[in-house]
Amino acid sequence: MYHKKSTISVLLLSLLLIGVGCKNELDINQNPNVPTYEQGTPQVVFPAGVIATVGKVGGDLTILGGIWAQNYTQSALSNQYKYIDAYDVKSTDFNASWNVLFTSGLKNYKFVLDKSRASGDWTYFLMGAVMNAYTTAILVDLYDKIPYSEAFQGLNNLEPKFDDGFKIYKDLISQIDTALSKDFTAITCSVAGTAPSYKDGTPGFVASDLVFNGDIEQWKAFANTLKLKLYLRMVNAQPALARTGVMDIINSNVPLLTSDAGVSNNVQRSTTENFVHFSDVLGKDNPFYEQNIRSLNTPDNIRASRTFASWLVENGDPRSFFYFGSLAPNSVNQGDYNGTDASYQTAKVFVQTPTDPVLFISEAESYFLQAEAAVRYFNGTNAQNLYNSGVLSAFAVTDNDGTSFVANGGAYAFPNAGTLEQKIEAIIVQKWASFPYGCHAIEGFFEKNRTGYPRTSSVYSTDKNYVPGQFVIAKNSVLPSGQLPKRLIYPYDETSRNSNSPAIVPSTTGVWWAR
Amino acid sequence: MLLNLNLIYMKKIALLLAFFAIGLQVLMAQTKEITGKVTSEEDGGSIPGVSVSVKGTTLGTITDLDGVFRLKVPLDAKTLQFGFIGMAPQEFTIGNQSVINVQLKSQDVALNEVVVTALGQTTNKAKVGYSTSTFTSESINKDGAINMLSGISSKVAGANISDVGGPGSSTKVILRGYGIIGGGNNQPLYVIDGVPLNDDRLDGTFSTNLGGTSDFGNGMTNINPNDIESLSILKGTAAASLYGSQAKNGVIMITTKRGKAGKLKVEYNGSFSVSEVGKLPDLQDQYGQGWSGSFILSENGSWGPRLDGSIRPWGATLDNSQLIKPFSFIKNNIRDFYNTGTEANNSIALSGGSDITKFFFSYSNVTSDGVIPTKADYLQRNTFALRTNSDFDNFSINTSFNYINRKQNSPITGQGGSDAATVFESLLQIPVDIPISDFRNYKNKFFNVDNFFTPYAENPYYALNENGISQNADRFFGNVDMKYKFSKSLFTQFRLGGDFNNARTFGWAQPNAPTPGSWNAGQNVEGASRAKDVGSVLQSSDYFGTINGDLMVNYNKDLTEDLNLDVTAGVNYYQSSQKNEIAYITKLTVPGLFNLANSSDPATTDDFSSLRRRMGIYGTATLGYKSQLYLTGNLRNDWSSTLPTDANSILYYGVNGSWVISKTFDLSNTPFSYLKLRSGYGQTGSDPDPYQVYSSLRLGNVGLGHGTLTSPFNGTPAWGVSNVINNPLLEPILTKEFEIGTEIKLYKDRIGIDFSYYDKITSGQIFNVPIAASTGYREMVQNIGQVSNRGIEVALDLKPIVTKDFSWSLIYTFTKNHNNVDKLSGSLPNVLINSYYDAESRATVGKPVGEIYALVPLLSPDGKIVVNAAGMPQAAQEKGDYGSTQYKYMMGLNNTFAYKNFQLGFSLDFRYGGVMYSGTSDLLLFTGNAKATLYNDRRPFIVPNSVVASTNDAGETVYTENKTVIDEANFGNYFYPTSNPGTSYTQRIFDKSFLKMRDITLSYKVPTKWTSKINASQISLGIFAKNLLLWTPAANMYIDPEGTNLGNDLAGELGEFRAAPTSKNFGASLKITF
């Protein structure tokens, strides 16, 4: 009996020892497939934010913007974007843009800002501040109020309140100012270019700046131009602040963009490197192309809109060939996707390539912003030059020369003798015509809401009295008669999870800065 | 519930008992010797260990290994008694015979039924306080099943079992309802000879590539059903609590066949069956090719003019010629696309051995080619098993080695991508007047890439022949099990098992593009062109490995004459690792070369590995009183690597009791022949999946509307902060369950009733709770939510007729489960489980899990449908509830008729209630092929009971009668969500009830006098049909509601998305034993 008991005790004891002795064996729960949070640096995280901004602004929003800015329209032979062209955008339709811009865009910029502020890496601090401001402003422009001051706190605030759009704008500008005021020669600053290193010679990561390849001067110009854009957005709602803000920028002679800011293969940078930021490869290409052509079974949904095409043809604008592959493109009247007009069968498809750039602010746009500033606050001084530079740049990127167009008597000659409104109209219409290049057609939609240009036609584009280039009400609009959309309604993913979401505002109501 | 016997264990126990029973042999003077052989009536095999005794005396013996006995009996002895557990006792009048050969019949007596319980121990069923169902090899294999559970799908109360697809695809097994919404699956734990079996699906990592989904089955489907001796289903937590972290969904205990001492036994099982496609969509037969009411040669739908039989041209104009055909409906158009499938299932087993060592060896081969033409749905599986059992004095060692090789092609279902189209999407887009089978020659100049009739879809035969996905897997599993007996009442056991599965998957899609200038390159009447298919190649390697070790001590002792104590304590080590690598390319540069190098682009790769470990200690004790009252307690503690290191311990427990009332009281004067009450309560659970505790970065990929931008992006690496907030305070999921039940036998076992009520609560579910993106994150890992399942299970076992030659028995099962989401967190009133387009299945508090929500019409205050300017119903802002995806109840009815050597059986499975979303219906409604599109005979109509909303001068919304007619040109738009968001989902979501005849089998046992001529001990022949009949409600005009390509768990309950149809089988089987 004794023997048996001791056997049992020995066995039980050994079982227990095995059980307890293995505790260290269990510390294996760190995911081996991804870096830890602590391993994150501005260098690896910043590009994730840029790709998110590029993917959404250059993807979903380019489709939405280009259709709502009437640069192009849904084909009558397919279905993909009918809901956009009928202004029938529901709360569930743009969930993804909101979600990606917040979580993959802005959150990563916040990470970059926090880390670079802590380490004194002002290079990334400026880059983060600018991209954060650009991306945040796009969301404000689409939705008006958005979560801002309480956002990005994770578990600490699961339902951030929505902030006033104007307050957000002001804060974005002050953030840019703070970043611009830093010392970019500090030893703690890194170089974000192709062969990056820290100022002290510590090697950094590989190329991390998809926008300017480490050229901090270009980032400064982008920062200032973005500020200019933000102030000009305020001309209706905050005219006084808009005036002082714009005048400060122009008067202080800070550098403004003289080339494109965005992700592009085309742009010459301060280094001699060849850039391949987009390639003809699945998942590595222009997002508009990836989304609308490569990964969609129907490549020809997006076709020339009569609104834009008729204007190009009327003016003999050679960019028509660049945009639509024809100097006299057949087109579809905006939103007439159920139409049976025989010419719709051969309506021209908007020309896209996998390596098209995605621009945040184009060179042309920079000049147009400056031209508007000149018209509004400097009595038009230098406005014509700036305007001409904008038009020429917009032609140049399409491999055309616009000289004859801006010459006196040319189709796009600046209305020097015109009223302020006529000048603004000329600038905005040219800007609108430039946006389809560089996948930022959404800006055309914003500028229409801010300035009212191009004008809205009282008749549909099939009418004999239709003036080419004027916006029409889409054929199958679901909105009340005569109305155009002016914003997106809040996405369902946010409103259903954040009880602080404001009540739904109809899409026909303009955002805070709207005219 | 079937009352079946586990012969191996019974025989072992019987041998032991017999030795005890035969006390002293008394030598007597006046004796004679009687010899004889005892065989089994079922298979003619000899039965060792049968007790043979002279009635009224203590004289007796037991049969030897060959079933032979030799007994000296007094001359005046009149009757011999034969007894063996699990067999009906027999008495034989001696008379003046000296040779008495006896055949024993098996007997379904609950008293003697043996069940396999947790840890692979066997015990008398009377002892257990929870519901179990046991199936024998015969019942699993009678219809030539290639999957061990497909034969029993209507036969277990409380189990929802379905085969979801073609050869080798997954089987869904849900015991007592869906308890887990988040943090794990709802699949039971499979335990084979005491060792957990990996049940993972091997297709998880590449479902998004090749433009569709494929199903290569779950781990359980690999097992050769002919290797199984018995299978016990332990549905409840009380039964499973000893398995701790793995057993939250119940356990299926599998005991494999083992050799028996004696001469070499050879057993052959074979079946051959043919299959044909089952339910297919009902198509409309009134309107032909075209769109918006016009005949258009290049359209992929039947929205054209009324079919009038006139001769019309069709397809492309080519070399100034065009095909012609009557403009009329083609019957069986889709059905004729399918072939007759074939399936051969052969297995051979050799077994035998000595007293010390027995062996069992088996080889099986399944070759199955399903109903889809070509080998797109194809399975070839070879299995080898070698098992040994050796008994020495105090030491025994058992081994089991199993190897499975599987080659399988799975049809690509679902939505096509830019690399290739899928067969089913192509098939559903062919107008009802265009002969599908003509396209078989897909290289014919009229049907090829350039000139297939429409640019909006592809020739289905092209996808079938040129694209595919195939998997080749090698799996080894086995165990070594050693036992050392210290004394009669104490032993220790060590068992080490492993399961290693390596699958290599190869997918290929041929690039193609319409030649410029061809019909599909824009030269058709609509000027539309088809985007090229860029082609793709996918290579993936998936490894799953588990190691499981147990060291146990068992102590069994009669404490007093009436009290027995049985205690087991042990430790467990478990490790599971997974490694997946996948590489794929698109844009093939050389057509026909399916190699990762064949692209201008670098391959996209993905690499995932995970590792988890668990340690456990456990103990179980059963106290038995007079073999009529039993009380069992279980206790287990696990430490898991997937929990926070300082809080990684989980305690599980269970207690259950049973009372065999018919033993306590003498019920012999009542109809009751057996009466048992049982009850149990237990807690099991599940540790989380790995890597949910610490925060991390994620690859900076950005999903677009279609496609994804991926990191590294043209040379720039990007890692963003993860969008999931991990949880450093993560806790395990816990399931608590109470059950009570009874087993009743009446009228000498002619009526058997097994009833259970259970109440199961699963709490602390682990969710990636979606949160507002403004927090910076998309999801947070949380233990929230509680799901309850309460239900009843009834199994009735009736034997209405039992005569010498003819018997009729039937088993009826009824299952009603009430599932409810009790709690979710306050900010999360519902959880998205799965979605396709705007149809979602959700978990919503107060409703069963898997409720379908989709767009519903916007209604005016007085309940009328608000339409838009086009006259189409508008959608309400919030999605509406279309009902639960869960059955209200399930019933099974199994009849068996036996006449002499013939046996006829059939089983019916009825499942009532629940709704599903169908992606097949979605496409058929879009193309106007669905019968439902004959609404109003396609004449212009105004949406009934509809109004138009407008704003009056006072800014109020007013509703006026809708007068907008949906005319011929827009008729088709009424059937698609983009144009009719309001009511199109009512057309796509329908009742999933069905009644199926699962199987019908007729078998014939060749009489011994014939079998003995070829020295066979048993031959039986059978014919069978499976899934012969299917009834669905009128609303389901589309598919077999059991078939899905959305997986075998909760997500699959949403319905299907352009899945392959299910099929029917007809076959014959042969079993020979030598």
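Quick note on labels: first sequence line is chain A, next is B, and so on, each numbered from 1.
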Report yes if some heavy atom in the side chain of A:Leu282 is under 4.5 Å from a heavy atom in the side chain of B:Lys587; otherwise report no. no

The interface call for A:Asn156 against chain B, heavy-atom contacts under 4.5 Å, is neither

Closest non-hydrogen atoms of B:Pro602 and A:Val281, given as atom of the first, atom of the second and distance, are CD-CG1, 4.4 Å

Subject >> B:Thr710 and A:Lys284: side chain donor to acceptor below 3.5 Å >> reply: yes

When the 4.5 angstrom heavy-atom criterion is applied to A:Glu290 and chain B, the contacting part is both

Mind checking whether B:Asn648 and A:Leu26 have side chains closer than 4.5 Å, heavy atoms only? yes

- Report yes if the side chains of A:Phe152 and B:Thr775 come closer than 4.5 Å at any heavy-atom pair, otherwise no. no

Honestly, the part of B:Ala869 sitting under 4.5 Å from a heavy atom of chain A is side chain

Between A:Ser104 and B:Asn723 the two heavy atoms that sit nearest each other are OG-ND2, 3.7 Å

Applying ring pair (Phe, Tyr, Trp, His ring centres under 6.0 Å) to B:Tyr618 and not counting sequence neighbours gives none

**Request:** Take B:Leu704 and A:Ser295 through the side-chain contact (heavy atoms from CB on, under 4.5 Å) test and state the conclusion after the steps.
**Result:** CA-CA 9 Å; B:Leu704 306 175; A:Ser295 288; over 6 Å; no

Chain B shares the most heavy-atom pairs under 4.5 Å, among A:Gly154, A:Ser477, A:Gly49, with A:Gly154

_Heavy-atom side-chain proximity of A:Pro47 to B:Thr716 below 4.5 angstrom_ = yes

Could you go step by step and tell me if A:Asn31 and B:Tyr694 meet the side-chain contact (heavy atoms from CB on, under 4.5 Å) rule?
CA-CA 8 Å; A:Asn31 191 340; B:Tyr694 306 115; over 6 Å; no

When every non-hydrogen atom of A:Val100 is compared with those of B:Gly703, the smallest separation belongs to CG2-O, 4.5 Å

Under 4.5 Å to a heavy atom of chain B? For A:Leu106 that would be neither

Looking only at B:Pro455, B:Ala531, B:Gly527, B:Gly700, the option with the highest number of non-hydrogen pairs under 4.5 Å against chain A is B:Ala531

Whatever's closer than 4.5 Å to a heavy atom in chain B on A:Ile489 counts as side chain

Looking only at heavy atoms, the pair that brings B:Trp719 and A:Ala48 closest together is C-CB, 3.8 Å

Okay, B:Ser711 and chain A: the region with an atom under 4.5 Å from a heavy atom over there is backbone

Heavy-atom closest pair (B:Glu526 atom, A:Gln345 atom, distance to 0.1 Å) is O-OE1, 2.5 Å

Report task. Would you kindly say whether B:Ser774 and A:Glu494 are connected by a side-chain donor-acceptor distance under 3.5 Å? Result -> yes

Residue from A:Val34, A:Thr495, A:Ile28, A:Thr36 scoring the most non-hydrogen pairs under 4.5 Å with chain B is A:Ile28

inquiry  = Between B:Arg778 and A:Asp493, does the side-chain contact (heavy atoms from CB on, under 4.5 Å) criterion hold? Intermediate values first, please.
reply    = CA-CA 10 Å; B:Arg778 301 292 303 282; A:Asp493 279 358; 4.1 Å; yes

Bottom line for B:Ser979: the part with an atom under 4.5 Å from chain A's heavy atoms is neither

### Query
Heavy-atom distance under 4.5 Å between the side chains of A:Leu158 and B:Met780, does that happen here?
yes

Turns out that what part of A:Tyr344 lies under 4.5 Å from chain B's heavy atoms comes down to neither

The reported gap from CD in A:Gln153 to OH in B:Tyr777 (rounded to nearest 0.5 angstrom) is 11.0 Å

When the 4.5 angstrom heavy-atom criterion is applied to B:Thr951 and chain A, the contacting part is neither

Applying a strict 4.5 Å limit to non-hydrogen atoms, the region of B:Asn970 in contact with chain A is side chain

The interface call for A:Thr346 against chain B, heavy-atom contacts under 4.5 Å, is neither

So, the part of A:Ala96 with a heavy atom under 4.5 Å from chain B: the answer is neither

(Q) Is any side-chain heavy atom of B:Leu709 closer than 4.5 Å to one of A:Asp285? (A) yes

Full working for side-chain contact (heavy atoms from CB on, under 4.5 Å) between A:Ser91 and B:Gln877
CA-CA 8 Å; A:Ser91 60; B:Gln877 198 63 243; 3.2 Å; yes

**Asked** Does any donor atom in the side chain of B:Asn714 or A:Ser279 lie under 3.5 Å from an acceptor atom in the other side chain?
**Response** yes

Okay, A:Pro35 and chain B: the region with an atom under 4.5 Å from a heavy atom over there is both

Whatever's closer than 4.5 Å to a heavy atom in chain A on B:Val534 counts as neither

Okay, A:Asn99 and chain B: the region with an atom under 4.5 Å from a heavy atom over there is both

Okay, A:Tyr83 and chain B: the region with an atom under 4.5 Å from a heavy atom over there is neither

Bottom line for A:Asn95: the part with an atom under 4.5 Å from chain B's heavy atoms is neither

Heavy-atom closest pair (A:Arg497 atom, B:Ala772 atom, distance to 0.1 Å) is CB-N, 3.6 Å

Turns out that what part of B:Gln874 lies under 4.5 Å from chain A's heavy atoms comes down to neither

Between the CG atom in A:Asp27 and the CG atom in B:Asp646, the distance rounded to the nearest 0.5 Å is 10.0 Å

Whatever's closer than 4.5 Å to a heavy atom in chain B on A:Val45 counts as both

Rounded to the nearest 0.5 angstrom, the CE-CG distance for B:Met872 and A:Asp88 is 12.0 Å

Item checked: Any A:Gln30 side-chain heavy atom under 4.5 Å of B:Tyr691 side chain -> no

Applying a strict 4.5 Å limit to non-hydrogen atoms, the region of B:Ile725 in contact with chain A is side chain

Can you find a heavy atom in the side chain of B:Thr645 that is under 4.5 Å from one in the side chain of A:Asn29? no

Value for OG (B:Ser696) from CG (A:Asn33), rounded to nearest 0.5 Å, stands at 9.5 Å

Cut-off 4.5 Å, heavy atoms of chain A, and the answer for B:Asn973 is side chain

Under 4.5 Å to a heavy atom of chain A? For B:Ser722 that would be backbone

When the 4.5 angstrom heavy-atom criterion is applied to B:Tyr976 and chain A, the contacting part is neither

